[in-house]
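Quantities reported herein were computed from a predicted structural model and do not represent experimental measurements.
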Amino acid sequence: MWHLVCGDVAVAGVSRAIGEEAAHGLRVLRDDLAVGPLADIDQPPCAGRAAFWLGVWPEAVAPRPDFDPALSADALWIAELAGQPHAVTVWHGDSCSEQLLLSRVAAALVHSEVPLWEVPCGTGDSRVSTRRAVGMIAPEALETFYQPCLVESGRKARLADQWHAAVTASADIRRWRDGEFAGEDHQALDAMLLSACTPQWRPLARVMAEVMATTDGFFVTDYFAFWRARELAARGLVELDGAPGEQGYIALNIRSA
């Protein structure tokens, strides 16, 4: 049995829940599928996807990752799931990225006899006031969520269709609402960043945190928010000042231009 989780934050809890299976059956998929182009995500070497993440990564943060091998390895591994003998269990909550991972795996297994199981851990509501990703659940509490449900063929086909639609659309951002994915450009998120800025200098980390804490439909990561701030600065809409530091943004300040 393979157990799939989206991101490292969920590893401790899922490992505790599945016990000895974690040593050989737990795989972590780290790509945040909610953001960036998906057009070549299933086509190694995934050059477009890798180029996107290189652009997001802060130049001041070293070493710069080599995204190509990791993305290609994920694509190849998922493509080979249909030909292997092990059932697959996807752990997911109200994270758009977790839901996209479930759909991606369903697409890989839609014509296969390999059983697909899911462990739902969310509320079904992706608004910030109610959403719950797998990694948000305390490890000792996650064991109570370990009640796998078989993904029947009809649901598997619907999930696969959702994945193919998301890949074809290849939007800048995807939000998960009412069981569906909706694509958009950066305009709405950029507007939130701009509205959080003032003519006076404010710590960039605080502005980013406000946006991250109030964005429904997907989880905005710090590096993604920092990238959008840099893009706004490049367009002359905001100003950034300060030393980048190890994380690239901790010591920076921002103000409206």
Side-chain angles (χ1 to χ4, degrees), residues 6-9 30-39 41 46-67 70-71 94-98 100 126-129 131 133 135-136 166 169-177 181-257:
C6 184
D8 293 293
V9 178
R30 297 180 173 86
D31 192 356
D32 182 358
L33 302 174
V35 297
L38 296 177
I41 193 169
C46 314
R49 186 75 178 159
F52 161 73
W53 281 120
L54 278 175
V56 170
W57 192 265
E59 291 185 5
V61 179
R64 290 176 66 77
D66 186 358
F67 291 101
L71 293 170
D94 303 316
S95 159
C96 183
S97 191
E98 290 173 344
L100 283 162
S126 64
R127 291 175 297 176
V128 294
S129 59
R131 67 188 178 190
M136 294 170 65
S170 201
D172 295 320
I173 292 171
R174 284 157 288 280
R175 297 181 195 248
W176 184 66
R177 297 190 185 99
F181 301 110
E184 62 184 59
D185 58 21
H186 297 122
Q187 184 174 353
L189 186 68
D190 287 355
M192 291 179 69
L193 278 166
L194 287 171
S195 66
C197 295
T198 68
Q200 292 73 43
W201 290 108
R202 296 190 64 202
L204 174 58
R206 185 175 302 169
V207 169
M208 288 165 45
E210 290 176 6
V211 173
M212 293 162 66
T214 54
T215 302
D216 294 328
F218 78 109
F219 285 81
V220 181
T221 64
D222 56 349
Y223 276 9
F224 187 75
F226 181 30
W227 174 57
R228 295 315 305 161
R230 300 198 310 274
E231 291 294 298
L232 292 174
R235 290 162 51 192
L237 299 176
V238 299
E239 296 179 30
L240 295 174
D241 181 63
E246 292 184 0
Q247 289 181 280
Y249 62 84
I250 292 298
L252 292 181
N253 294 305
I254 190 171
R255 69 180 178 186
S256 53

If only atom types and distance count, is the side chain of R127 paired as donor or acceptor with the main-chain N or O of T215 below 3.5 Å? no
Between D216 and R175, does at least one N-O distance fall below 4.0 Å, as a salt bridge requires? no
To the nearest 0.5 Å, what is the distance between CG on L100 and OG on S95? 8.0 Å
Do W53 and D32 pair up side chain to side chain, a donor and an acceptor below 3.5 Å, judged on atom types alone? no
Tell me if the aromatic rings of W57 and Y223 count as close, with their centers under 6.0 Å from one another. yes
Which heavy atom of V238 sits nearest to which heavy atom of A229, and what is that distance? CG2-O, 3.8 Å
Side chain proximity check, L194 to L237, heavy atoms < 4.5 angstrom: yes
Can you tell me how the ring of H186 sits relative to the ring of W227, calling it parallel under 30°, perpendicular over 60° and tilted otherwise? perpendicular
Is it the case that the side chain of S256 and the backbone of T198 share a donor-acceptor pair, with hydrogens and angles ignored and the cut-off at 3.5 Å? yes
Check for a donor-acceptor pair, side chain of R174 on one end and backbone N or O of G36 on the other, with a separation under 3.5 Å. yes
Should the heavy atoms of other residues, nucleotides or ligands under 6.0 Å from CD of E59 be counted, would the total exceed 12? no
Does a side-chain heavy-atom distance below 4.5 Å link F181 with C96? yes
Give, for atom CD of Q200 and atom CZ of R202, the distance between the pair rounded to the nearest 0.5 Å. 10.0 Å
Of the non-hydrogen atoms in L193 and R228, which two are nearest, and what is the gap between them? CD1-CB, 3.6 Å
Roughly how far, to the nearest 0.5 Å, is SG of C46 from CZ of R49? 9.0 Å
Provide the closest heavy-atom pair for G135 versus V9 in the form atom of the first, atom of the second, distance. O-CG1, 3.6 Å
Does a side-chain heavy-atom distance below 4.5 Å link F219 with M136? yes
Any donor and acceptor pair, going by atom type alone, linking the side chain of R230 with main-chain N or O of V56 inside 3.5 Å? yes
Salt bridge (charged side-chain N to carboxylate O under 4.0 Å, His left out) between R177 and D94, intermediate numbers included: CA-CA 9 Å; R177 297 190 185 99; D94 303 316; over 6 Å; no
Just by distance, do the side chain of S97 and the backbone of L33 share a donor-acceptor pair under 3.5 Å? yes
Working to the nearest 0.5 Å, report the span between CG of L240 and CG of L204. 6.0 Å
CZ/F67 to CG/L54 distance, rounded to the nearest 0.5 angstrom? 5.5 Å
Give me the one residue out of D172, V35, I173 that meets side chain to side chain contact (heavy atoms under 4.5 Å, CB included) with L189. I173
Note: P58 and G248 closest approach over all heavy atoms is CB-CA, 4.5 Å
Take atom CZ in R64; do more than 12 heavy atoms of anything else shown fall under 6.0 Å from it? yes
Hey, does D190 have a side-chain heavy atom less than 4.5 Å from the side chain of R235? yes
Please examine the side chains of T221 and F226, heavy atoms only from C-beta on, and report whether any two atoms are closer than 4.5 Å. no
To the nearest 0.5 Å, atom CG of L252 lies from atom CE of M208 at 9.0 Å
